[in-house]
Amino acid sequence: MIVLKFGGTSVGSADRIKKVATLISSGEKKVVVLSAMSGTTNSLVQIANYLFEKKNELAAQLIEGLRTQYHGVVEELFAKDDSKLLMKELIKSHFDFLQGFTQDSFTIHEEKAVLAQGELISTALLHYYLKEQGISSCLLPALQFMRIDKDLEPDHYYIKENLNRLIKENKGEQLFITQGFICRNAYGEIDNLKRGGSDYTASLVGVATKAEEVQIWTDIDGMHNNDPRVVEKTSPIKQLSFDEAAELAYFGAKILHPSSIVPAKQANIPVRLKSTLSSGSLGTLITENIEGGGVKAIAAKDGISAIKINSGRMLLAYGFLRRVFEIFELYKTPIDMITTSEVAVSVTVDDASQLDSIKKELMKYGAVEVDADQTIVCVVGDFIKNEKGIAADILDKLRDIPIRMISYGGSNHNISFLISTSDKERALKSLNQLFV
Ligand code: ADP
Ligand code: ASP
Ligand code: MG
């Protein structure tokens, strides 16, 4: 079994869906995980926002715009009139469902159902397109096997049991298609794995089915050594270890959902990143092996807040850090970076939703300062094996950038810097000189 995930751009038009069909319609048994067509989830988020704000007229207009767009896709994708008719009926059921919310009350539960429509439609489009082409496939409803628990973590046991049962029920089938991103929560309600979550679905499916490989097909030829949205001359990396890839994904390389490497690493399933736009290019292979030394890649994560607790000599007292961490635990807020000195400790968080309460509690222990609009720049590579001087080389490139925090030595493959977001572009461009 292999698992192939196609992202929004890879299914972003009728032509792209046809291309996906050619990539999946032969060879070994596979599960294909699809995202919504590009732009759809953003539109659904906007529709939900309008509904929350009670701007139902604007929501209705956006829904109709999207409906027209999908009618265009159906016209282009399908050749036969009866398939077009069937698909328009199916599209109608989804958009009538969305329009229903403009006549009714709207809560967070309905929001999740709204966001789920993109993946439900894209998978149906591919399945029926394959059918029209005479290619057999089986649509596996993600809402029947993908589940998160009370802590919003994947329920591995449930996923494995139910996914394998559904696959077994369709014994002769070689090609399974399912929705990325969407799931049910511990209460059986529709939920999702957060934005970009289809990658996460793919690796969870890979683990549940004991796949030989998980392939993430996207609009770029693999993990690049710097952020291609910010820096011009970046290039794809042939191989990364699970830990290196996980660090890059967590610290802002948008090509992978931050959590998507963890399950693959635990089950030791190789992850291959490939481009649907240039399917012949090698892409990136992520395995347990660590190959090559030195700096391999740079990523950046925005929207970070830094919190400094200045507590005089209290820091030296044992138990102090535990008390600080307990406050973050209480408010379910993960810490990304941490640095300590004798008189102060600084930590960073990317979820600022509980920051006011956290700050209030921390003030019991000393003066608290919060800086918003910070960016973590993460330099990933194999540093311990490498000769001395690597940190100095990296710091030299950041000579002109004010650095708020530095984290080094936490793992063998990461040096992180906290800088102001306004300096990010300059920092990434300057660090790119490490590759020339
Ligand atoms: P998909 O819709 O297929 O999931 P995404 O937009 O989520 O695609 O991810 C692919 C995008 O990630 C690329 O187009 C690129 O702009 C961005 N990206 C950010 N950092 C990196 C990186 N280090 N390497 C490759 N792509 C990156
Ligand atoms: N469609 C979802 C999103 O746009 C999930 C994904 O594309 O991975 O976030
Ligand atoms: Mg993505």
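Counting starts at 1 for both ligands and their atoms, following the listed order. Keep in mind that the numbers below use all heavy atoms, side chains included, and drop hydrogens, waters and symmetry copies. These figures come from a predicted structure and were not determined experimentally.
- Closest heavy-atom approach to atom 9 (O) of ligand 2 within the set Q179, M37, R195: this belongs to R195.
- Taking a 4.0 Å cut-off on heavy atoms, G8 fails to register as neighbouring ligand 2.
- Taking a cutoff of 4.0 Å between a charged side-chain nitrogen and a carboxylate oxygen, K5 and D199 qualify as a salt bridge.
- Residue S35 has at least one heavy-atom neighbour below 4.0 Å for each of these atoms of ligand 2: 6 (C), 7 (O), 8 (O).
- Scored by the side-chain contact (heavy atoms from CB on, under 4.5 Å) test, E57 finds Q61 as partners (sequence neighbours excluded).
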Starting from the N and O atoms of ligand 1, find every protein N or O within less than 3.5 Å and list the pair with its distance.
from, atom 1, to, atom 2, distance (Å)
ligand 1, 2 (O), G8, N, 3.1
ligand 1, 3 (O), T218, OG1, 2.7
ligand 1, 4 (O), K5, NZ, 3.0
ligand 1, 6 (O), K254, NZ, 2.8
ligand 1, 8 (O), T218, OG1, 3.1
ligand 1, 12 (O), I255, N, 3.4
ligand 1, 14 (O), D219, OD1, 2.8
ligand 1, 14 (O), D219, OD2, 3.3
ligand 1, 23 (N), H224, O, 3.2
ligand 1, 24 (N), H224, N, 2.8

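- Taking every heavy atom of E119 and a limit of under 4.0 angstrom, the matching atoms of ligand 2 come to 1 (N), 2 (C), 5 (C).
- Atoms of ligand 2 lying under 4.0 Å from at least one heavy atom of T41, given by number and element, are 1 (N), 2 (C), 3 (C), 4 (O).
- F95 does not carry R67 over the face of its six-membered ring by the limits of under 6.0 Å from the centre and within 45° of the normal.
- Using a 4.0 Å cut-off between charged side-chain N and carboxylate O, K88 and E75 make a salt bridge.
- Within the structure, the closest approach of G118 to ligand 2 does not fall below 4.0 Å when heavy atoms are considered.
- Protein heavy atom nearest atom 6 (C) of ligand 2, with residue, atom name and distance: S198 OG, 3.3 Å.
- Qualifying salt bridge (charged side-chain N to carboxylate O under 4.0 Å, His left out) partners for D221, counting only residues two or more places apart in sequence or in other chains: none.
- Two residues are said to be in side-chain contact when any heavy atoms from C-beta on lie closer than 4.5 Å; V11 and R16 fail this criterion.
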Atom pairs and distances, side-chain donor-acceptor, residues 126-136, under 3.5 Å, sequence neighbours left out:
from, atom 1, to, atom 2, distance (Å)
H127, ND1, S137, OG, 2.8
E132, OE1, A79, N, 3.0
E132, OE2, A79, N, 3.2
E132, OE2, K80, N, 2.9
E132, OE2, S83, OG, 2.6
S136, OG, E173, OE1, 2.9
S136, OG, E173, OE2, 3.1

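- Counted within 6.0 Å of NZ on K19, heavy atoms from surrounding residues, nucleotides or ligands total more than 12; the atom is thus considered enclosed.
- By the 4.5 Å heavy-atom criterion applied to side chains, F242 and N268 are counted as neighbours.
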